[in-house]
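What follows is a set of notes on a single structure, which appears directly below.
Atoms within each ligand, like the ligands themselves, are counted from 1 in listed order. Note that the numbering runs from 1 along the sequence shown for the chain. Only a predicted model underlies this, so the values are computations on that prediction, with no experimental measurement involved.
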Amino acid sequence: MVKMVNNRQIEYFFVRIYSKTFISDFEKQYMNKYFYTIGLEIHAQLSTNTKMFCSCKNDPNAEKPNVNICPICMAHPGALPVLNKKAIENVIKVGLAVGGNIADFTEFDRKNYFYPDVPKGYQISQYKYPIVAGGYLSGFDITRVHLEEDTANNKHFVDYSLVDFNRSGVPLMELVTEPCTFQSAEKTAEGAVRFAKELQLILWYLGVSEANMEKGEMRVEANVSISNDSKKFGTKVEIKNLNSFRSAERAIFYELIRMEELLDDEKESKIIQETRGWDEAKQKTFSQRKKESSQDYRYFPDPDLPKLKLHEAFDLEQMKKDLPELPKVKRARYEKDFGIKDEDIEIYINDPLLGDWFEGMAKILGNKEKIKIASNYITSDYIGLKKANLKVKLPSAKNFAELVNLVAENKISSRATKDILAMIVVNDESPLKIATTKGLLQESDTGILKVVAERIINANPKAVADYKSGKETALMSLIGAVMKETKGSANPAVARQILLDLLG
Ligand code: ADP
Ligand code: ZN
Ligand code: MG
């Protein structure tokens, strides 16, 4: 059985990489067998200056352990928490960005459990009254977004463990989605990752979190289940330790296939509600523990923290107005204003600095056709150069636009364009100046080229006769002669057309 899972997993990724048409056949084969349901719980560390209940620095890059600590985040007796307004503001921004309702009343609760990374014996979180309820993003309904504190970090060694409290009390936002049902295991995995990536973009755009998954600043937990009844969910399994989008996609897919095969074999009872981890080395999920229920945590309102009236404490209308342009709106604007390919748009959406530069450059060009040409040179040539060489950087928008104008108006060849581009990304100079000094300008002036072409025709009666008797190669030799006469500066396409016109 396990082998089957692996085979299909391999087949799926193979198919995804190598063939798009293949995918749909592959999917047809497996689709609609069951209903595949997923709900996500995503944590993100908020990038505030200080921690959530004390004035310690919130520094995810601290080099030494236990340097950003104090009696509050170490839970010394008598230490009292003080709320960080910025953390609440950040969660409200996320709520507004996903169209959720901002609670008027909110409070913090104690979630009681023991672990060495929770020095108080409880984690401050929110239970009944989250800051945000509802909302929608990328195919998923959002249940809630609440605020809690991060735990410390345990480091395990062979015969001992260490605890680093730098992270203890860092503000952590948790977003929970409603269960969402898909038609296949692969669609579920892809849909979940699409959602998580879109949320990461929103967190970046809002400037509320670095949300780097590899650094644990954003953590995705996936709850999955499968069922053969569209009206009833199956038993859910929660998957943890997903340290990248890639592991998330693979783990979700793996787990759903595991469940699918148990159902195929009528072993549904073997699917139990539990937490499973993702083993990156083995590319498998494994059982970690049976899931505890919320009663086990004995949640109750924290008596040390104030209740909050958010509609009084914040000017929500103003905050809504002040939200930056979000990815979805930006995509639509790029599509409408520039008419460039979706893949290109996605590059600018994911690299807003490049996007801003592109917008400025597009404004100089002021013409959709030229903007499309420009975008091609950026997304293929410029990005290729940048990957190959660290010293490559964006030229000024003005110089880049000048280069695009030269090629769009046929003044330089596409070969020369690539060469000049490779120069201006290292040394930001005027492409016109480079083209002039290097003799790369093409003669497209039909008047001048016509005179040259006439001279070539008169001087080569044999080639003309050959052409007229049907020898296509004779035309090439005439074009070659024009190129030679103009020292390579003629635009070959224009020269060809003029010769054809003259030869009748
Ligand atoms: P718990 O009480 O175990 O934490 P919740 O009802 O709070 O469970 O849901 C936690 C997450 O699991 C949510 O994202 C929710 O959408 C998702 N979820 C709940 N039931 C299912 C299910 N049967 N299949 C997949 N996901 C589910
Ligand atoms: Zn502290
Ligand atoms: Mg829950």
Side-chain angles (χ1 to χ4, degrees), residues 34-43 48-59 62 66-76 79-84 87 111 119-120 124-128 130 133-137 139-146 148-152 164-171 174-182 185 188-189 191-192 195-196 199 219-240 242 248 252 255-256 259-260 263 268 271-276 289-297 299:
Y34 300 111
F35 297 92
Y36 304 77
T37 300
I38 188 161
L40 298 163
E41 292 167 285
I42 302 184
H43 285 92
T48 50
N49 294 327
T50 55
K51 291 187 183 180
M52 190 155 143
F53 301 112
C54 59
S55 57
C56 288
K57 219 169 133 194
N58 170 9
D59 179 10
N66 297 312
V67 285
N68 298 315
I69 54 172
C70 74
I72 295 172
C73 55
M74 295 287 288
H76 288 189
L80 287 171
V82 179
L83 267 175
N84 182 339
K111 180 181 182 182
K120 294 192 291 292
I124 301 177
S125 180
Q126 294 195 286
Y127 189 54
K128 254 198 182 145
Y136 173 87
L137 182 69
F140 283 76
D141 285 323
I142 289 162
T143 313
R144 58 189 277 155
V145 190
H146 69 245
E148 55 191 37
E149 58 177 336
D150 210 344
T151 59
D164 173 7
F165 289 92
N166 283 342
R167 205 180 69 180
S168 174
V170 162
E174 178 174 1
L175 180 148
V176 183
T177 77
E178 288 291 294
C180 182
T181 300
F182 291 84
T188 313
F195 176 88
L199 178 64
R219 296 162 227 160
V220 175
E221 284 152 27
N223 300 268
V224 299
S225 66
I226 86 173
S227 164
N228 41 30
D229 178 351
S230 68
K231 294 189 189 68
K232 221 177 83 203
F233 292 145
T235 303
K236 83 170 180 198
V237 160
E238 180 172 357
I239 318 168
K240 290 196 165 177
L242 305 172
I252 292 163
E255 184 57 24
L256 285 170
M259 292 177 164
E260 197 177 81
L263 244 61
E268 196 173 346
I271 302 175
I272 49 171
Q273 189 172 331
E274 62 179 342
T275 300
R276 294 176 73 89
R289 59 185 148 99
K290 290 242 179 70
K291 182 140 171 77
E292 48 291 279
S293 68
S294 58
Q295 293 97 331
D296 298 335
Y297 292 117
Y299 280 98

Going by the order shown, which atoms of ligand 1 are within less than 4.0 Å of some heavy atom of [X]?
X: F233; answer: 23 (N)
X: E178; answer: 16 (O)
X: G39; answer: 14 (O), 16 (O), 17 (C), 26 (N)
X: T37; answer: 24 (N), 25 (C)
X: V176; answer: 13 (C), 14 (O)

Using heavy-atom distances, let me know which of [options] sits nearest [atom].
atom: atom 14 (O) of ligand 1; options: V237, V224, T177; answer: T177
atom: atom 8 (O) of ligand 1; options: K236, E221, R144, K232; answer: K236
atom: atom 22 (C) of ligand 1; options: C180, P179, S225; answer: S225

Quick check: are there more than 12 heavy atoms from other residues, nucleotides or ligands sitting under 6.0 Å from [atom1] of [X]?
X: K57; atom1: NZ; value: no
X: N49; atom1: CG; value: no
X: E221; atom1: CD; value: yes

| If the Zn ion (ligand 2) is the vertex, what is the angle to SG of C70 and SG of C54, rounded to 10 degrees? | 110°
Please work out whether any backbone atom (N, CA, C, O) or any side-chain heavy atom from C-beta onward of [X] is under 4.0 Å from ligand 1, and answer side chain, backbone, both or neither.
X: L40; result: backbone
X: N223; result: both
X: E238; result: neither

| request: Check ring pair (Phe, Tyr, Trp, His ring centres under 6.0 Å) between F195 and all other residues, then give those that pass, not counting sequence neighbours. | output: F140
| note | Here the pair of heavy atoms bringing M259 nearest to V224 is CE-O, 3.4 Å
| Which heavy-atom pair separates T235 from I272 by the least distance, and what is that distance? | CG2-C, 3.7 Å
| Candidate pair Q273 and K236, rule side-chain contact (heavy atoms from CB on, under 4.5 Å), full reasoning | CA-CA 6 Å; Q273 189 172 331; K236 83 170 180 198; 4.1 Å; yes
| field | Contact (N/O only, under 3.5 Å) between G234 and ligand 1 | value | yes
| message | With respect to E41, determine whether any N or O atom, backbone or side chain, lies less than 3.5 Å from an N or O atom of ligand 1. | response | no
| Partner of E255 under side-chain contact (heavy atoms from CB on, under 4.5 Å), chosen from I271, V237, I226 | V237
| Euclidean distance, N228 CG relative to E260 CD, rounded to 0.5 Å | 11.5 Å
